[in-house]
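Report on the structure given below.
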There are 2 protein chains.
Amino acid sequence: MQGEELLRVTGDDGERTDAARNRRLILDAAAEIVATCGPERLTTDAVARRAGVGKGTVFRRFGNRAGLMHALADEAGRSFQHAFMAGPPPLGPGAPPLERLIAFGEASIERMRFDGQILRAAEQQGGPDLEHPTQQLTRLHLAMLLRGLHVPDPELGAYQLSAFLNAGLLLHLQEHRGMSNARLAGAWCALVSALASDADRSRTERGPL
Amino acid sequence: MQGEELLRVTGDDGERTDAARNRRLILDAAAEIVATCGPERLTTDAVARRAGVGKGTVFRRFGNRAGLMHALADEAGRSFQHAFMAGPPPLGPGAPPLERLIAFGEASIERMRFDGQILRAAEQQGGPDLEHPTQQLTRLHLAMLLRGLHVPDPELGAYQLSAFLNAGLLLHLQEHRGMSNARLAGAWCALVSALASDADRSRTERGPL
DNA sequence: GCTGCAAGCGGACTACAGTCCGTTTTATTC
DNA sequence: GAATAAAACGGACTGTAGTCCGCTTGCAGC
């Protein structure tokens, strides 16, 4: 009766120290393998072996291969996340919503050069994980900007926009269809501008509430 | 020297009769399993067993599991394909491009009720197969309609639109987010209308060439 | 320190996708 | 209808994701 439920005061996140240590070991091992052989060569066995832990531990920590990839992708994307949430304009706060939206798309497209492989690998397997915190954060950000443009359904609009910024799609367009980043950015710009001006127009036509 | 290269005059598509027979057997067996247990339960072993063929035959015919799923999805989607290419307006030819686009989105959303499961299963695994003939046909259709609206980059616009009509995404929004088809259709309508009116406006402003 | 126990661990095990290659079938040519 | 080459066949085999469960470890209270 004494040690029942509320004795989770251990580590930072209530994570036991061995668990935390192993998480880092696994993440580092995975990053090393990805850097060496590419994400497609990352097997859970290899990660476990290299990290010096059992295979079960990998799955306990990350759920599945995609979860591990997401964790890796999140580490890579942390700086991007910071840039659009708290960095300098036009990507960060301070610029008007439309400019921020355009900058966001351009940065996402540009970013594929570095993180595309990992992001794509994370997306695969069971379809893109739309409920993943990082995805949600991205959509929340987009929805906020769309709301600033008075788009009728910002939440759904965010889904529409992020569907296009999907790594699998962008990489395909860049690599297999040979589309330049400028062209992709242009299409993005056209899309968000259209949404913005249309919303603006129907707002002023019907009166601004 | 006699039978060298040009002796492919056999079946319909130059497919040997046993090959054609087995293709049908496999497809029927797969459809039956999907109908009974759902697409996620479809294993290549089970299909082969039920069809009474070897496992290798399944892979020879369809490449991989996703290929089989696509073949299944294509059979299910043939009537839809016919509807937007040769059926009555507004989905088929005869209506103005914007109306056809709207109808296309609505039909795609509606369609998920029946074919969503299979479509999603086909999309999974290695990301959506953007080069699959059916996908290409869809994009070609969308691009044509966008061209009719004088959108600047119809080809890329088609990618943008079809990214949203993705089964994985629509099903997620319907099932996990509880969004009504009306809401989804509304967002689609807003999107294509915005593209259309923006293109139209910048065309008339700068003069219609 | 000692004890209790929830959390964590690890690796054998299962299930499935996809490959490989010796054997069989099909269509063609003579 | 026999010979022949190409195509197809099938099932054993391989590699990998993910599970399971008995064992170990770290933490909290004493």
Side-chain angles (χ1 to χ4, degrees), chain A residues 1-26 29-30 33 37-70 121-122 124-127 129, chain B residues 1-26 29-30 33 37-70 121-122 124-127 129:
Chain A
M1 279 292 184
Q2 41 252 70
E4 270 226 322
E5 280 202 2
L6 305 173
L7 39 71
R8 350 208 64 272
V9 208
T10 324
D12 311 332
D13 286 347
E15 191 178 44
R16 245 168 64 169
T17 55
D18 52 346
R21 174 178 43 89
N22 282 338
R23 141 124 85 243
R24 265 269 55 91
L25 283 172
I26 291 167
I33 291 175
C37 323
E40 67 283 352
R41 289 297 197 86
L42 186 88
T43 69
T44 51
D45 275 303
V47 173
R49 211 171 329 118
R50 178 159 219 139
V53 302
K55 194 176 180 175
T57 304
V58 177
F59 281 90
R60 160 174 295 270
R61 282 274 84 78
F62 298 99
N64 53 27
R65 205 187 103 105
L68 176 57
M69 287 299 190
H70 263 120
Q124 243 134 245
Q125 216 155 23
D129 186 359
Chain B
M1 279 293 186
Q2 41 252 70
E4 269 227 323
E5 279 202 4
L6 305 174
L7 40 72
R8 351 207 65 273
V9 208
T10 323
D12 312 331
D13 285 349
E15 191 177 42
R16 247 169 61 169
T17 56
D18 52 345
R21 173 177 45 89
N22 282 337
R23 141 124 83 241
R24 263 268 59 88
L25 283 173
I26 292 168
I33 291 175
C37 323
E40 68 283 352
R41 289 298 195 86
L42 186 88
T43 69
T44 50
D45 276 303
V47 173
R49 212 173 327 118
R50 178 158 216 140
V53 303
K55 193 176 181 174
T57 304
V58 176
F59 282 90
R60 160 175 295 271
R61 282 273 82 78
F62 298 99
N64 53 27
R65 204 186 104 106
L68 176 56
M69 287 298 191
H70 264 118
Q124 242 133 244
Q125 217 154 22
D129 186 0

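Residue numbers begin at 1 in each chain, while the letters A, B, ... track the order of the sequences.
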Nearest-nucleotide pick for B/Val53, side chain only, options being D/dG10, C/dT25, C/dA17:
D/dG10
Counting heavy atoms from C-beta on, name the nucleotide in C/dC9, D/dG18, D/dC9 closest to the side chain of A/Ala19.
C/dC9
Distance check needed: C/dA6 C1' versus A/Glu15 CD, whole Å only.
15 Å
Taking atom P of C/dA17 as reference, at what distance in whole Å does atom CE of B/Met69 sit?
9 Å
When you check the phosphate oxygens OP1 and OP2 of C/dC16, does a side-chain N or O of B/Thr44 lie under 4.0 Å from one of them?
no
Counting only side-chain N and O atoms of A/Arg23, is one of them less than 4.0 Å from OP1 or OP2 of C/dG8?
no
Between A/Arg65 (side chain only) and A/Leu42 (backbone N and O only), is there a donor and an acceptor less than 3.5 Å apart?
yes
Spacing of A/Asp45 atom CG relative to D/dG15 atom P, expressed in whole Å:
11 Å
From A/Thr57 OG1 over to A/Arg61 CZ, what is the distance, rounded to the nearest 0.5 angstrom?
8.0 Å
Kindly give the heavy-atom pair with the smallest separation between B/Phe62 and B/Ile26, and that separation in Å.
CE1-CG2, 3.5 Å
Rounded to the nearest Å, what distance is computed from the CG atom of residue A/Leu42 to the C1' atom of nucleotide D/dG15?
15 Å
Between C/dG10 and A/Thr57, is there an OP1 or OP2 to side-chain N/O distance shorter than 4.0 Å?
yes
Rounded distance (nearest 0.5 Å) linking atom CZ of A/Arg23 with atom CG of A/Asp18:
12.0 Å
Which is it for A/Glu40 and A/Gln124 under the side-chain contact (heavy atoms from CB on, under 4.5 Å) test, yes or no, and what are the steps along the way?
CA-CA 11 Å; A/Glu40 67 283 352; A/Gln124 243 134 245; over 6 Å; no
Phosphate contact (D/dG15 OP1 or OP2) by A/Thr43 side-chain N/O below 4.0 Å
no
Nearest-nucleotide check on DNA chain C, B/Asp18 vs B/Gly63; residue mapping nearer the 5' end is B/Gly63
Whether B/Arg16 contacts D/dA6 is assessed here as follows: a side-chain N or O lying under 4.0 Å from the phosphate OP1 or OP2. Is that the case?
no
With nearest nucleotide decided by heavy atoms, which residue, B/Gly56 or B/Arg65, maps closer to the 5′ end of DNA chain C?
B/Arg65
Nearest 0.5 Å please: distance from the CD1 atom of A/Ile33 over to the CZ atom of A/Arg41.
11.0 Å
Taken to the nearest whole Å, CZ/B/Arg50 to C1'/D/dG11 is 20 Å
Examine C/dA27: is either OP1 or OP2 under 4.0 Å from a nitrogen or oxygen in the side chain of B/Thr17? Give yes or no.
yes
Counting any heavy atom closer than 4.0 Å, what does A/Arg41 reach on the DNA or RNA strands: base, sugar-phosphate only, or nothing?
nothing
Of all the heavy-atom pairs spanning B/His70 and B/Ala122, show the shortest one and how long it is.
CE1-O, 3.5 Å
Taking atom P of C/dC16 as reference, at what distance in whole Å does atom CG of B/Leu68 sit?
15 Å
From the options D/dA17, D/dC9, C/dG8, select the nucleotide whose nearest atom is closest to the side chain of B/Arg61.
D/dC9
Taking atom C1' of C/dA12 as reference, at what distance in whole Å does atom CZ of A/Phe59 sit?
14 Å
Round to a whole Å and report the spacing from CD of B/Glu40 to P of D/dA17.
21 Å
Nearest atoms (heavy-atom pairs only) where B/Val58 meets B/Thr44
CG2-O, 4.5 Å
D/dA8, OP1 or OP2 - any side-chain N/O from B/Arg60 closer than 4.0 Å?
yes
Would you mind reading off the bend of the helix from C/dG1-D/dC30 to C/dC30-D/dG1 from its two end axes, five pairs each, to 10 degrees?
20°
Assess whether one donor atom and one acceptor atom, taken from the side chain of B/Lys55 and the base of C/dA17, lie less than 3.5 Å apart.
yes
If only side-chain N and O atoms of A/Asn22 are considered, is one of them under 4.0 Å from the OP1 or OP2 phosphate oxygen of C/dG8?
no
